[in-house]
K.L.:
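Structure below; questions to follow.
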Number of protein chains: 2
Amino acid sequence: MPREPLSPVTVLCLAILFNDERTGYEIRKQSLEGRHRWFVDASYGSIYPALARLAQSGLVTVREEVQSGRPSRKVYAITTEGRAALIEELSEPPGPDIFRSRFLLVSSFAPHLPRRTVEAAIEERKAGLAEEIAAIEAAVAESECAGERDCDALSWAAAYGRNCLGAHLDFLKTHGDSLIAMAEGGTDASLPKAAE
Amino acid sequence: MPREPLSPVTVLCLAILFNDERTGYEIRKQSLEGRHRWFVDASYGSIYPALARLAQSGLVTVREEVQSGRPSRKVYAITTEGRAALIEELSEPPGPDIFRSRFLLVSSFAPHLPRRTVEAAIEERKAGLAEEIAAIEAAVAESECAGERDCDALSWAAAYGRNCLGAHLDFLKTHGDSLIAMAEGGTDASLPKAAE
DNA sequence: TGATCCATGTAAGCCGTTACATGATTGG
DNA sequence: CCAATCATGTAACGGCTTACATGGATCA
């Protein structure tokens, strides 16, 4: 029988567990950094239940490690069926990537917004992009792979991310000023020192 | 008193109504095409209630047009307060753009996936990107703006989109093959004609 | 001493989608 | 004649976030 489709968070858990065993806490952390940021960023409220469901359906196993002092941790490990389920799931057509940009909405309203607002939005965006690119570099530097092929694939995905984020950043660096010029307040370069 | 933050769909409605009056049906359509695709794509189930709430809070007005044959349409128009609320909302820091890519997850698992799957994913992605870029061109060509500034801002946002999507597409065109080479099945260019 | 890290989990709620219900008109 | 377009809306459901509950250890 064909497996029913897995929820995004479930897929994330299996993907992270594919190479190493992890606790829910660790999965959450890893979902924010490195290569998994591009998928979903999940919170505890979705990860823990997902892990419990996975364990019940036999796609992962649990081992409870009692620790002195610290709360005991539940270490999850993927099973053969889990690996199969993930591969099966990833073999489905991935569907379109999703890009949601409030910044782009703001930018198209630049003529109706104060200059300061537009400037701030662009600066924030530039800073965010630079940070994300740095995070990719860092993730690549410290990533450990199971095999050479895996490592290559990881590098590929990282290069993809770097490339595309770089394009965003370049555009802002090159054309940011022209958007600011469209903002309320006009083309003039000097700020009229408006009171707050 | 400070206005409570508006939900994304609400912002979308106000943004679309900013220049023209529209029905819920038309708003839905416009949310899919042109410049609003980058924000949210909302379904009737969220648009109609949002519009009703907006009307109740006085940010838009409704006018019911009874039509012969067709069901009567409710035409919404933004009010001065609505405009102010939108501007106020857009003046808040926009927060980070969101990029969610299942494709990137698939790509990082390329060594564990059949060659065909990886090829198909890349082709699908390329086709999707080309389509989106074409949609931007089309939207720019037929867009009507209230003023010159508005038109410039719209063009700016379109150029941003074109630029970034173009970067994705270029990367796939240039490096797609190297990912395929990492897939299960090896580096060899000829397919061994495996049975389905 | 107070924040942060480790570590798990639940409950309520939000925001949105999908599917349903209805129905005339126009175009292929 | 069938599909798509126009046109509005509701109800159920889903999936994820936020906030809550708990608590020792470590670091500044």
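Every chain is numbered from 1 and lettered A, B, ... according to where its sequence line falls, protein lines coming before strand lines.
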K.L.:
Select base, sugar-phosphate, or nothing to describe what A:Ala52 touches, counting heavy atoms under 4.0 Å on all strands.
P.N.:
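No contact.
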K.L.:
Please check: side-chain N/O of B:Thr174 versus main-chain N/O of B:Asp170, any donor-acceptor pairing under 3.5 Å?
P.N.:
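Side chain of B:Thr174 to backbone of B:Asp170, a donor-acceptor pair under 3.5 Å: yes, one is there.
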K.L.:
Any Lys/Arg nitrogen of A:Glu89 or B:Arg102 sitting under 4.0 Å from an Asp/Glu carboxylate oxygen of the other?
P.N.:
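Salt bridge: yes.
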K.L.:
Just to confirm, is there a sub-4.0 Å distance from OP1 or OP2 of D:dT8 to any side-chain nitrogen or oxygen of B:Thr23?
P.N.:
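Checking D:dT8 against B:Thr23, a side-chain N or O does come within under 4.0 Å of OP1 or OP2.
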K.L.:
Under 4.0 Å between any heavy atoms, over every strand shown, what does A:Gly45 touch: base, sugar-phosphate, or nothing? Just pick one.
P.N.:
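Since a base atom lies under 4.0 Å of A:Gly45, the category is base.
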K.L.:
To the nearest angstrom, how far is A:Arg53 atom CZ from C:dT10 atom C1'?
P.N.:
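Rounded to the whole Å, the gap is 14 Å.
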K.L.:
Can you measure B:Leu6 atom CG to C:dC14 atom P for me and round it to whole angstrom units?
P.N.:
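For the pair B:Leu6 CG and C:dC14 P, the rounded distance is 16 Å.
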K.L.:
Name the residue closer to the 5' end of DNA chain C, choosing between A:Arg73 and A:Pro49 according to the nucleotide with the nearest heavy atom.
P.N.:
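Comparing both residues, the 5'-ward one is A:Arg73.
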K.L.:
What I want to find out is whether B:Glu64 reaches B:Lys74 closely enough, with some N-O distance under 4.0 Å, to be called a salt bridge.
P.N.:
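Looking at B:Glu64 and B:Lys74, the cut-off is not met.
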K.L.:
Please check if the distance between the ring centroids of B:Phe99 and B:His168 is under 6.0 Å.
P.N.:
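Centroid separation for B:Phe99 and B:His168: below 6.0 Å.
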K.L.:
Distance check: side-chain N/O of B:Lys74 vs OP1/OP2 of D:dG9, anything under 4.0 Å?
P.N.:
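The answer is yes; a side-chain N or O of B:Lys74 sits under 4.0 Å from OP1 or OP2.
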K.L.:
What is the distance, rounded to the nearest whole Å, between atom CD of B:Gln30 and atom C1' of D:dA7?
P.N.:
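Going from B:Gln30 (CD) to D:dA7 (C1'), I get 16 Å.
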K.L.:
Within this structure, what is the CD1-to-P distance between B:Ile27 and C:dG16, rounded to whole angstrom?
P.N.:
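Value for this atom pair: 14 Å.
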K.L.:
Whole angstroms only, please: what is the CD-P distance between A:Gln56 and C:dG9?
P.N.:
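Distance, rounded to whole Å: 13 Å.
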K.L.:
How bent is the helix from C:dT1-D:dA28 to C:dG28-D:dC1, measuring the angle between the end axes built from five pairs each, rounded to 10°?
P.N.:
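Here the helix ends are tilted 50° relative to one another.
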K.L.:
Take atom CZ of B:Arg28 and atom P of D:dG9, then tell me their distance rounded to the nearest Å.
P.N.:
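Interatomic distance, CZ of B:Arg28 to P of D:dG9: 15 Å.
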K.L.:
Does A:Ser46 put a side-chain nitrogen or oxygen below 4.0 Å from OP1 or OP2 of D:dT17?
P.N.:
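Affirmative; the distance criterion is met.
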K.L.:
Name the nucleic acid region contacted by A:Val9, choosing base, sugar-phosphate or nothing; use a 4.0 angstrom heavy-atom cut-off, strictly under.
P.N.:
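Contact class for A:Val9: sugar-phosphate only.
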K.L.:
In whole Å, what is the span from the OH atom of B:Tyr48 to the P atom of C:dC20?
P.N.:
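Spelled out: OH on B:Tyr48 to P on C:dC20 is 18 Å.
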K.L.:
Ring-plane angle category for B:Tyr44 and B:Tyr25, please: parallel below 30°, perpendicular beyond 60°, tilted otherwise.
P.N.:
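Correct class here is parallel.
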K.L.:
Inspect the contact between B:Lys126 and B:Glu123 and indicate whether a charged nitrogen and a carboxylate oxygen are less than 4.0 angstrom apart.
P.N.:
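Salt bridge between B:Glu123 and B:Lys126, a charged N being under 4.0 Å from a carboxylate O: yes.
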K.L.:
Is any side-chain nitrogen or oxygen of B:Tyr25 closer than 4.0 Å to OP1 or OP2 of D:dC6?
P.N.:
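Indeed, a polar side-chain atom of B:Tyr25 lies that close.
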K.L.:
Which nucleotide wins on minimum distance to the side chain of B:Tyr44, given the candidates D:dT8, C:dA7, C:dG9?
P.N.:
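Nucleotide nearest to B:Tyr44's side chain: D:dT8.
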K.L.:
What is the separation between atom CZ on A:Arg100 and atom C1' on C:dT17, rounded to the nearest whole Å?
P.N.:
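Going from A:Arg100 (CZ) to C:dT17 (C1'), I get 13 Å.
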K.L.:
Would you say the side-chain atoms of A:Asp150 and B:His112 include a donor-acceptor pair closer than 3.5 Å?
P.N.:
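Result is yes, a qualifying pair exists.
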